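Every chain is numbered from 1 and lettered A, B, ... according to where its sequence line falls, protein lines coming before strand lines. A quick note: this is a predicted structure, and the numbers were derived from the prediction, not measured.
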Number of protein chains: 2
Amino acid sequence: MVQKPLREQTRSVVRSLLARTAIELFSAKGYDNTTLEEVAVAAGVSRRTLFNYFRNKEDLALGSLAEQGELIAARLAERPAGEDAWTALRAAFQVLEEIDMTAEGRLEFITLLFGNNSLRAGHAEKQARWQDLFAPLIEPRLPDSGRRALQARAIAAAAIICLQTANEEWVRLGGRADLFDLYDTAVQAVRHA
Amino acid sequence: MVQKPLREQTRSVVRSLLARTAIELFSAKGYDNTTLEEVAVAAGVSRRTLFNYFRNKEDLALGSLAEQGELIAARLAERPAGEDAWTALRAAFQVLEEIDMTAEGRLEFITLLFGNNSLRAGHAEKQARWQDLFAPLIEPRLPDSGRRALQARAIAAAAIICLQTANEEWVRLGGRADLFDLYDTAVQAVRHA
DNA sequence: GCACGGATTTGCACTGAGTGCAACAGAGTG
DNA sequence: CACTCTGTTGCACTCAGTGCAAATCCGTGC
């Protein structure tokens with residue numbers, strides 16, 4: 001009866017080990033030049049087992065994005081009900097700064113993301129899924145009107161894209177800037193230019 | 001010496017024939033359940049030749065998006081210099097309405113896009129590339145300031161994402177709505193909510 | 001009409017991602 | 001010591017994508 005939490009625990013440990021091993025190899029040799037066979041060997045596991053943990057090669061690299069989305073959504077749900085949508089989103093995004101990851105690690109990871117076409121695509125898509133998580137949470141923050149659902153989706157998408165643009169710029173600057181300064185600049189431009 | 005234009009002409013004819021054949025099959029049988037072998041046979045060409053025209057399976061489905069991006073960019077470049085960035089973008093997007101495609105065709109195509117994960121990803125990525133086309137064209141429309149490049153990218157990205165959100169909603173409504181009404185609602189929400 | 005030359009098409013063989021299946025190993029239970 | 005449940009592994013297969021070389025097509029010059 002105590003097995004279940006135990007199994008799940010080992011599972012998530014193995015999962016993150018595999019992801020870390022993979023990202024290390026991808027960064028070192030390039031995404032396309034790294035086979036899943038190599039990742040499996042490096043992690044001391046069979047190629048087939050990799051597929052028990054991740055649906056595909058892309059997920060192996062991007063798994064953490066889905067988790068980040070859930071973290072942000074959770075934080076967003078905790079924000080006071082009266083708070084303005086943009087304010088709530090900005091506050092929720094800041095959960096990213098609490099994530100256990102060195103600046104070099106972030107830089108390496110994001111560089112990997114933007115350096116490969118199919119990863120860029122996967123990245124874009126994963127963040128588009130964030131929209132589905134965030135929109136229902138910001139819809140109640142909008143004034144009544146028809147099309148409130150559409151409005152909520154648009155705001156969520158725009159905020160995410162501002163974060164992404166800021167992230168890109170942050171990488172371009174080699175990490176020598178404050179991410180949220182860049183984010184604020186982006187939002188300001190979009191809303192008041 | 002007259003070969004070149006001629007060859008290019010046939011090339012683009014063949015290219016669009018292949019794309020149309022592919023999209024038809026993808027819509028009918030599903031993207032994942034359609035092999036490139038089948039597409040090739042249906043178009044009366046060898047599988048290998050398909051790869052002379054398209055880099056990969058995804059491009060076969062999404063090729064038109066790249067062209068659309070270039071059309072919009074061209075229109076954007078023609079807008080008067082003093083025009084506000086958002087106004088210019090909206091006007092440029094309207095080139096989409098001039099594209100030779102039936103409403104059912106559009107609906108079918110967009111439904112295909114949103115119905116498959118990897119196509120959604122490719123779609124998101126292709127539109128993210130639009131950003132690279134549009135940003136330089138709207139940067140001169142912004143007031144002087146540091147970070148104008150970042151601002152231009154943010155605005156381009158936000159406008160694109162509004163269009164995409166409107167498109168999604170349009171599909172959800174079965175095409176029974178005006179795309180630009182939806183777009184305006186989205187932009188309004190983002191900028192003034 | 002005919003041979004030449006460049007480009008396009010095609011077949012072939014190969015790599016690697018992803019999947020279904022069945023055999024296997026290990027841990028907990030009676 | 002069987003028995004079962006779960007996770008791992010190997011194996012064989014399909015399909016996307018690529019490099020290469022043979023075959024084919026087509027406009028041009030003779």
Side-chain angles (χ1 to χ4, degrees), chain A residues 1-19 21-23 25-26 28-63 112 116-123 125, chain B residues 1-19 21-23 25-26 28-63 112 116-123 125:
Chain A
M1 267 311 161
V2 199
Q3 327 158 343
K4 243 193 183 165
L6 201 114
R7 287 190 188 279
E8 278 174 26
Q9 223 175 334
T10 51
R11 183 169 178 85
S12 82
V13 167
V14 172
R15 201 183 139 90
S16 86
L17 167 72
L18 294 178
T21 307
I23 288 176
L25 280 180
F26 291 159
K29 304 189 41 181
Y31 181 73
D32 289 329
N33 302 324
T34 308
T35 70
L36 293 184
E37 182 68 31
E38 293 172 305
V39 175
V41 169
V45 101
S46 78
R47 194 179 75 102
R48 196 65 186 76
T49 297
L50 233 41
F51 285 103
N52 289 342
Y53 285 89
F54 296 90
R55 268 198 313 276
N56 51 41
K57 188 177 181 179
E58 212 181 81
D59 263 26
L60 199 46
L62 303 182
L112 176 64
N116 177 275
N117 266 323
S118 76
L119 285 185
R120 265 212 307 270
H123 179 213
E125 213 278 326
Chain B
M1 266 317 160
V2 199
Q3 329 158 343
K4 246 195 180 162
L6 202 117
R7 286 191 188 278
E8 278 174 25
Q9 224 176 333
T10 49
R11 184 171 177 84
S12 82
V13 167
V14 172
R15 199 184 141 90
S16 87
L17 168 73
L18 294 178
T21 308
I23 289 176
L25 280 180
F26 291 160
K29 305 188 41 179
Y31 181 73
D32 289 330
N33 302 324
T34 308
T35 70
L36 293 184
E37 182 68 31
E38 293 172 305
V39 175
V41 168
V45 101
S46 78
R47 193 179 76 101
R48 196 62 186 77
T49 296
L50 233 42
F51 286 103
N52 290 340
Y53 285 88
F54 297 91
R55 270 198 311 276
N56 50 43
K57 188 176 183 179
E58 211 181 81
D59 263 26
L60 199 47
L62 303 182
L112 177 63
N116 176 277
N117 266 324
S118 75
L119 285 185
R120 264 213 307 273
H123 178 213
E125 212 278 327

Quick one: [atom1] on [X] to [atom2] on [Y], what's the gap to the nearest 0.5 Å?
X	Y	atom1	atom2	result
Phe26(A)	Glu38(A)	CZ	CD	9.5 Å
Thr49(B)	Phe54(B)	OG1	CZ	12.5 Å
Asn116(A)	His123(A)	CG	NE2	13.0 Å

Return no unless some side-chain N or O of Thr49(A) is found under 4.0 Å from OP1 or OP2 of dT8(D).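 No.
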How close do Ala40(B) and Ser46(B) get, heavy atom to heavy atom, and via which atoms?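 Nearest pair, atom of Ala40(B) first, then Ser46(B): CB-C, 3.7 Å.
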Rounded to the nearest angstrom, tell me the gap between atom [atom1] in [X] and atom [atom2] in [N].
X	N	atom1	atom2	result
Leu50(A)	dG10(D)	CG	C1'	15 Å
Asp59(A)	dG18(C)	CG	C1'	13 Å
Arg11(B)	dG27(D)	CZ	C1'	18 Å
Leu17(A)	dG7(D)	CG	C1'	16 Å

Shortest side-chain distance from Val45(A), nucleotide among dT9(D), dT8(D), dT10(C):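 Nucleotide nearest to Val45(A)'s side chain: dT9(D).
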Would you mind telling me which of dT9(D), dG11(C), dT8(C) lies closest to the side-chain atoms of Asn52(A)?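 Among the listed nucleotides, the one closest to the side chain of Asn52(A) is dT9(D).
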For Tyr53(A), report the nucleic acid contact type (base, sugar-phosphate, nothing); a contact means any heavy atom under 4.0 Å.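 Here Tyr53(A) touches the backbone only, sparing every base.
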By salt bridge (charged side-chain N to carboxylate O under 4.0 Å, His left out) - contacts of Arg55(B) (at least two apart):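 Arg55(B) satisfies salt bridge (charged side-chain N to carboxylate O under 4.0 Å, His left out) with Asp59(B) only.
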Listed by chain and number, what are the salt bridge (charged side-chain N to carboxylate O under 4.0 Å, His left out) partners of Glu125(A), not counting sequence neighbours?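 Glu125(A): salt bridge (charged side-chain N to carboxylate O under 4.0 Å, His left out) contacts with Arg129(A), Arg120(B).
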Set out, line by line, the N/O atom pairs under 3.5 Å between protein and nucleotides 16-18 of chain D.
unit_1  : atom_1 : unit_2   : atom_2 : d
dA16(D) : OP1    : Leu36(B) : N      : 3.4
dA16(D) : OP1    : Lys57(B) : NZ     : 3.3
dA16(D) : OP2    : Leu36(B) : N      : 3.3
dG17(D) : OP2    : Lys57(B) : N      : 2.5
dG17(D) : N7     : Arg47(B) : NH1    : 3.2
dG17(D) : N7     : Arg47(B) : NH2    : 3.3
dG17(D) : O6     : Arg47(B) : NH2    : 3.0

